[in-house]
S.K.: 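Questions regarding the structure given below will be posed in turn.
Index from 1, following the sequence.
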Amino acid sequence: MILNTTASPGTIETTMRDLGVRLAKVRLSRNLTQARLAQEAGASLPSIKRLEAGRNSSLDTLLRVLRALNLGDRILDILPNPDVRPVERVQHEGHERRRARTRTEAPKATDWAWGEEDEQ
């Protein structure tokens with residue numbers, strides 16, 4: 001799978017900044033200091049500051065902060081449930097997909113085709 005790295009510039013940075021602002025607002029609405037949140041999340045204070053500033057942070061830090069803010073279960077809501085529907089299970093004979101496969105065209109055995117004989 002090739003990721004689209006040529007998306008409109010600033011999209012990821014804007015999302016990170018918006019996420020940081022929202023996390024800071026939730027923290028403040030719960031009357032927590034950054035230091036207290038860091039302690040409850042088991043993260044460092046600089047990590048919390050980086051996250052709230054919208055700068056690069058680890059997924060581990062984000063999940064710890066969400067859990068400390070009692071929002072840890074909400075992170076999975078951003079992705080659709082991957083459970084296979086019963087119709088798909090029947091089509092796949094009871095097996096669920098475990099890996100993706102690239103689509104490739106079958107190689108041609110020869111370049112010959114019907115009606116292309118040389119008429120000499």
Side-chain angles (χ1 to χ4, degrees):
M1 178 171 129
I2 298 174
L3 298 176
N4 185 3
T5 57
T6 59
S8 58
T11 301
I12 292 174
E13 291 80 10
T14 302
T15 303
M16 288 171 57
R17 189 172 49 249
D18 291 346
L19 178 64
V21 168
R22 287 186 187 195
L23 286 172
K25 286 182 179 182
V26 170
R27 175 184 56 78
L28 291 171
S29 73
R30 301 199 179 160
N31 198 28
L32 291 171
T33 64
Q34 287 179 328
R36 179 69 181 170
L37 179 59
Q39 182 181 13
E40 289 185 16
S44 68
L45 180 59
S47 293
I48 300 299
K49 289 181 178 185
R50 250 190 331 272
L51 186 63
E52 288 187 359
R55 294 193 349 249
N56 199 7
S57 187
S58 71
L59 178 60
D60 180 70
T61 300
L62 174 62
L63 294 175
R64 287 175 181 271
V65 167
L66 290 174
R67 180 171 285 163
L69 295 172
N70 295 319
L71 298 172
D73 58 334
R74 307 255 330 257
I75 190 71
L76 294 177
D77 293 341
I78 63 173
L79 296 173
N81 190 341
D83 290 338
V84 178
R85 298 184 314 221
V87 171
E88 289 176 347
R89 191 173 297 249
V90 169
Q91 289 174 345
H92 295 290
E93 300 173 357
H95 300 287
E96 292 184 23
R97 292 193 68 161
R98 293 184 183 222
R99 64 177 98 161
R101 185 179 307 167
T102 58
R103 295 181 185 222
T104 58
E105 293 183 29
K108 291 183 179 180
T110 66
D111 290 333
W112 178 86
W114 288 102
E116 292 183 353
E117 291 92 18
D118 290 331
E119 296 180 20
Q120 296 176 352

S.K.: With a 6.0 Å cut-off (strictly less than), is the heavy-atom count around CZ of Arg67, excluding the residue itself, greater than 12?
M.R.: no
S.K.: Taking only distance into account, with no hydrogens and no angle test, what donor-acceptor pairs under 3.5 Å do side-chain atoms of residues 20-27 form with protein atoms, sequence neighbours excluded?
M.R.:
unit_1 : atom_1 : unit_2 : atom_2 : d
Arg27  : NE     : Glu52  : OE1    : 3.4
Arg27  : NE     : Glu52  : OE2    : 2.6
Arg27  : NH1    : Leu32  : O      : 2.8
Arg27  : NH2    : Glu52  : OE1    : 3.1

S.K.: With sequence neighbours left out, what residues match Thr61 under side chain to side chain contact (heavy atoms under 4.5 Å, CB included)?
M.R.: Ala43, Ser47, Leu51, Ser57, Ser58, Val65
S.K.: How many angstroms lie between CG in Leu45 and CD in Gln34, if you round to the nearest 0.5 Å?
M.R.: 6.0 Å
S.K.: Which of these passes side chain to side chain contact (heavy atoms under 4.5 Å, CB included) with Arg64: Leu62, Leu66, Asp60?
M.R.: Asp60
S.K.: If you measure from the Lys or Arg side-chain nitrogens to the Asp or Glu carboxylate oxygens, is any gap between Arg36 and Glu40 under 4.0 Å?
M.R.: yes
S.K.: Could you tabulate the donor-acceptor pairs under 3.5 Å formed by side-chain atoms of residues 68-78, not counting sequence neighbours?
M.R.:
none

